[in-house]
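Note that these values count all heavy atoms, side chains included, but never hydrogens, waters or copies made by symmetry.
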Amino acid sequence: LGAVAESKGKPAEKQSTFELRKIMRQKRKDNLEEMEAKKPGKDDDDPADLAAIAYAENNMGDYKLKMAPDYEVPEDQAVNSEKKRRQMVLLEENMLNIKTRFNKRFLALRDLKRQIALSIISSNKRVEDINTILGISDSTAGPWKPQLKPSEWPAERNLHTPAELKAFRENVEANGIADATAPPMSIIPGFSEDGVDPSAVPALGEDPASDGLGEATGSTPLSAAVLGLGPNADLLTDVPPILMAMPLVQYAMEVADRGVPAIAAAVSKAPPSTLEEEEGRVREELLLVEKQQLIEKVQEHLEAFDEALYELHKERLTLSVDLKAAEVRLLLLLQELGMLRNFEARDQALASKLDKGQREKGEVVANISDCGSRLKAKEAELKVCQEKESEILQQFLTLVPTGHGFHAQLIKIFKRKIKRSKKRDEEYDEDEEFDEDEDEDFDEDEGDDEEEE
């Protein structure tokens, strides 16, 4: 009891540090071996990659290259002669639309040129009037005058003057209709070198005197003498609004209806006052400003037209290149159309051959199936005949055993082949053949007997 008490009283011995480290090393070794066992090999594939590849293969669809030998064009994408002809028609329609749009712009620019020419003629007339009023003499050739050619309006070739028609009628009467020469184009519609076409000038959006420096709407026409231009001046002009407030002009307007020549003579005899001289200088300045503005307006119109013509020329070059490319494309489509028509003829011939071959194949398959069924029937009939033949042979051997004296002759007669006619009504011929066969067999039997002896 004392020893037990001592053992119980002793505390448990603690593990040494070496043993603890050994246990920990063993655990680490086991964990490392477990991890090494889970480590995939160098040539192993990732399961996630394998699953993604399998999903892609099952759901990616059919993607064939057009150059692949097994590629077949889908039915909705196949091109035939009808679709190719539709492409050609659409291409020709687009080319026609391009030409039509360009022609419309060209004709609009031609009409603009005519309107600018009419405006320039009107401005030139106004400049000449201003020069006459101011007493300015131009030593140069004068303002530039636009010139239009009737050949620019080929659609109006039927417009001729009465004199030209009369001369042509006389030419026809003298030389005949075959040798008569048609009168040249000489009339430009809506244009006259002597005067401005009223219907064309408003289209510019600006009246030559709309700036208030020349002829203003609602102005009162007076004699040039009333305005102090001299006793011999009789040119009627329009008074600018700035002069309407002057007392002298108002007085002239009041007495204009009572006798302009008398007032003009009275004014011409009196020396001009300081106010009249100032008014004359103001009027000259206004007319000079109006003249300069008219010249600048003409220059602006010319520059704007030149710029529009240059832009149209550049666009024409671009459209010419595009139209040439479209013509080349049209020729290519025409060649493709010819090839497609040849292919369609060959396809129709091959399709007819295929239909014929399929019909023949169907007939052959039907014949084969018929022959097979007949062969099976014949095989069944042959089997039945063989069974009957074996039964009859057994019966014959039972009646005529092998040891019988006439066994050889009887077995020979038993196994004799008899030729039967296909027609049942030729029984006489069958009997004769049967008799002949019997005679031949009888002769053969006699020969065999003699040889045995």
Side-chain angles (χ1 to χ4, degrees), residues 45 50-51 53-65 67-76 78 80 342-453:
D45 296 325
L50 295 176
I53 292 172
Y55 178 80
E57 290 178 350
N58 296 329
N59 300 281
M60 105 177 137
D62 188 10
Y63 296 100
K64 293 181 181 178
L65 295 176
M67 299 178 63
D70 56 345
Y71 175 76
E72 294 182 1
V73 181
E75 187 175 356
D76 57 338
N80 51 17
N342 295 333
F343 291 158
E344 287 181 356
R346 292 173 57 185
D347 290 344
Q348 291 177 359
L350 293 175
S352 61
K353 289 183 180 180
L354 179 62
D355 293 340
K356 183 179 179 181
Q358 289 178 350
R359 288 195 302 270
E360 293 178 353
K361 180 181 177 181
E363 294 176 359
V364 171
V365 170
N367 293 334
I368 290 174
S369 61
D370 187 16
C371 292
S373 60
R374 290 169 59 187
L375 180 61
K376 290 181 180 179
K378 290 292 182 181
E379 288 176 353
E381 186 178 353
L382 178 62
K383 187 175 181 181
V384 173
C385 293
Q386 288 176 352
E387 292 176 355
K388 289 183 180 180
E389 182 181 3
S390 62
E391 291 177 359
I392 294 171
L393 181 61
Q394 291 295 330
Q395 293 177 4
F396 177 78
L397 292 177
T398 302
L399 296 175
V400 184
T402 308
H404 195 275
F406 296 97
H407 177 76
Q409 290 83 359
L410 292 176
I411 195 65
K412 192 173 184 179
I413 294 171
F414 178 76
K415 292 183 176 181
R416 180 183 298 166
K417 294 181 180 180
I418 300 174
K419 296 180 181 179
R420 299 182 181 276
S421 176
K422 294 182 180 179
K423 297 181 180 179
R424 296 177 176 269
D425 55 348
E426 297 179 357
E427 296 179 357
Y428 180 75
D429 297 337
E430 291 179 358
D431 295 339
E432 288 182 355
E433 289 177 2
F434 182 76
D435 295 338
E436 290 176 357
D437 293 336
E438 285 183 349
D439 295 339
E440 290 176 0
D441 294 337
F442 183 76
D443 294 338
E444 290 176 358
D445 293 339
E446 288 182 352
D448 294 336
D449 294 339
E450 289 177 355
E451 290 177 357
E452 290 177 359
E453 292 176 358

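In terms of modelled atom types and a separation under 3.5 Å, the side chain of N367 and the main chain of E363 share a donor-acceptor contact.
Once rounded to the nearest 0.5 Å, the distance linking OG of S390 with CD of Q394 reads 7.0 Å. Distance check: I392 CD1 to L397 CG gives 12.0 Å after rounding to the nearest 0.5 Å. Here the CD atom belonging to E391 is positioned 7.0 Å from the CD atom belonging to Q395, to the nearest 0.5 angstrom. The CG atom of L393 sits 9.0 Å away from the OG1 atom of T398 when rounded to the nearest 0.5 Å. Rounded to the nearest 0.5 angstrom, K361 NZ and I368 CD1 are separated by 10.0 Å. Of the inter-residue distances, the one linking N342 atom CG with R346 atom CZ reads 8.5 Å to the nearest 0.5 angstrom.
The nearest pair of heavy atoms linking Y71 to V73 is CE2-CG2, 3.8 Å. Taking both residues in full, the closest heavy atoms of I411 and A408 are given as CG2-O, 3.1 Å, listed atom of the first, atom of the second, then distance.
Counting non-hydrogen atoms of neighbouring residues, nucleotides and ligands closer than 6.0 angstrom, the CD atom of E72 reaches no more than 12 such neighbours. The 12-atom threshold is exceeded at CD of E344, counting heavy atoms of other residues, nucleotides or ligands nearer than 6.0 Å.
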Could you tabulate the donor-acceptor pairs under 3.5 Å formed by side-chain atoms of residues 374-382, not counting sequence neighbours?
none

